[in-house]
Amino acid sequence: MEKFLAEHLGYPVLSLLDDIINAVNDILYKCMSQIETVLKDVSGTATLESLMEHTVNKYFDMFEVYSMRNVFNLAGLEEYVRLPYQEGLELKNVEEKSSQLDSQLEECYRQLQYETERSKYLKEENERIQRLKMMMSDVLMAKDQFENYNSNMAPLQDSVTFIMNQLQDMQSKLKENTLNSVN
């Protein structure tokens, strides 16, 4: 309510009441100053000043409470007292609209949580796919190297086959020679 009054009046209500009390205290101090110059008895005027300050503070504290309870209390009148920018606003269903907005806000929060989890999952899946791509690239490179190695090995295999055939021929000739020489 204080915020509404401050907006309506252009200043906070408590600051208005404080300004009134400060103005009265200023007048009290000026009066006491004049009384001191007339009486020229400082000790008696100090007691009088304390008594007057106490009395002013006591009654203005009561004035502040009365003002806040009776003068500046607009409880129940909020829908009748409007600021210019509030004209045409419907303030009766504020609680219902507030609960609707709260439920919409909760739904948005749940959706945000879902999207955050989904984004985290997609990021993890993307990282996994990138690792699989790197592994696949390594496998393809190894396959190419193997095929290249295998194609380079074909002439060597032919040479080994030729040498094996030559060795078998030599072995058979050696057996024949050994059999012939023993006979």
Going by chain and number, the hydrophobic cluster around Ile129 (ILVMFWY, side chain to side chain under 4.5 Å) further includes none
Sequence neighbours excluded, the answer for side chain to side chain donor-acceptor pair (under 3.5 Å) partners of Gln104 is none
| query | Does Ser119 reach the main-chain N or O of Glu115 with its side chain, forming a donor-acceptor pair under 3.5 Å? | reply | no
Interatomic distance, CD@Gln166 vs NZ@Lys173, rounded to 0.5 Å, equals 8.0 Å
| task | Determine whether Val71 and Met68 fall in the same hydrophobic cluster, where Ile, Leu, Val, Met, Phe, Trp and Tyr are linked whenever their side-chain heavy atoms lie under 4.5 Å apart. | result | yes
d(Leu101 CG, Lys97 NZ) to nearest 0.5 Å is 9.0 Å
Interatomic distance, OG1@Thr116 vs CZ@Arg118, rounded to 0.5 Å, equals 11.5 Å
Query raised in the report: Quick one: do Tyr66 and Leu5 end up in the same hydrophobic cluster if we chain Ile, Leu, Val, Met, Phe, Trp and Tyr together by side-chain heavy atoms under 4.5 Å apart?
Result: yes
Answer with yes or no whether the side chains of Glu117 and Tyr121 bring together a donor and an acceptor at under 3.5 Å. no
A quick test of your reading: do over 12 heavy atoms of other residues, nucleotides or ligands sit less than 6.0 Å from CZ of Arg110? yes
**Prompt:** When you look at CE of Met62, are more than 12 heavy atoms from neighbouring residues, nucleotides or ligands closer to it than 6.0 Å?
**Reply:** yes
Rounded to the nearest 0.5 Å, the CG atom of Asp169 sits from the CE atom of Met164 at a distance of 11.5 Å
Applying side chain to side chain contact (heavy atoms under 4.5 Å, CB included) to Asp144 and not counting sequence neighbours gives Glu147
Residue set satisfying side chain to side chain contact (heavy atoms under 4.5 Å, CB included) with Val56, at least two apart, ordered chain then number -> Val24, Asn25, Leu28, Phe60
Evaluate the criterion side chain to side chain contact (heavy atoms under 4.5 Å, CB included) for residue pair Lys58 and Asp61; output intermediate values, then yes/no.
CA-CA 5 Å; Lys58 175 181 158 186; Asp61 284 346; 5.9 Å; no
Kindly indicate, with the supporting measurements, whether the criterion side chain to side chain contact (heavy atoms under 4.5 Å, CB included) is fulfilled by Leu105 and Tyr109. CA-CA 6 Å; Leu105 183 62; Tyr109 181 72; 5.8 Å; no
Would you mind writing out the side-chain donor-acceptor pairs for residues 13-22 within the sub-3.5 Å range, not counting sequence neighbours?
residue : atom : partner : partner atom : Å
Ser15   : OG   : Pro12   : O            : 3.3
Asn22   : ND2  : Asp18   : O            : 3.2

Between the CG atom in Leu132 and the CE atom in Met136, the distance rounded to the nearest 0.5 Å is 8.5 Å
Sorted by chain and residue number, the side chain to side chain contact (heavy atoms under 4.5 Å, CB included) partners of Arg131 (sequence neighbours excluded) come out as Glu127, Arg128
Output for pair (Glu49 CD, Ser33 OG), nearest 0.5 Å, gives 9.0 Å
TODO: For Ser137 and Lys133, indicate whether the former's side chain and the latter's backbone hold a donor-acceptor pair under 3.5 Å.
DONE: no
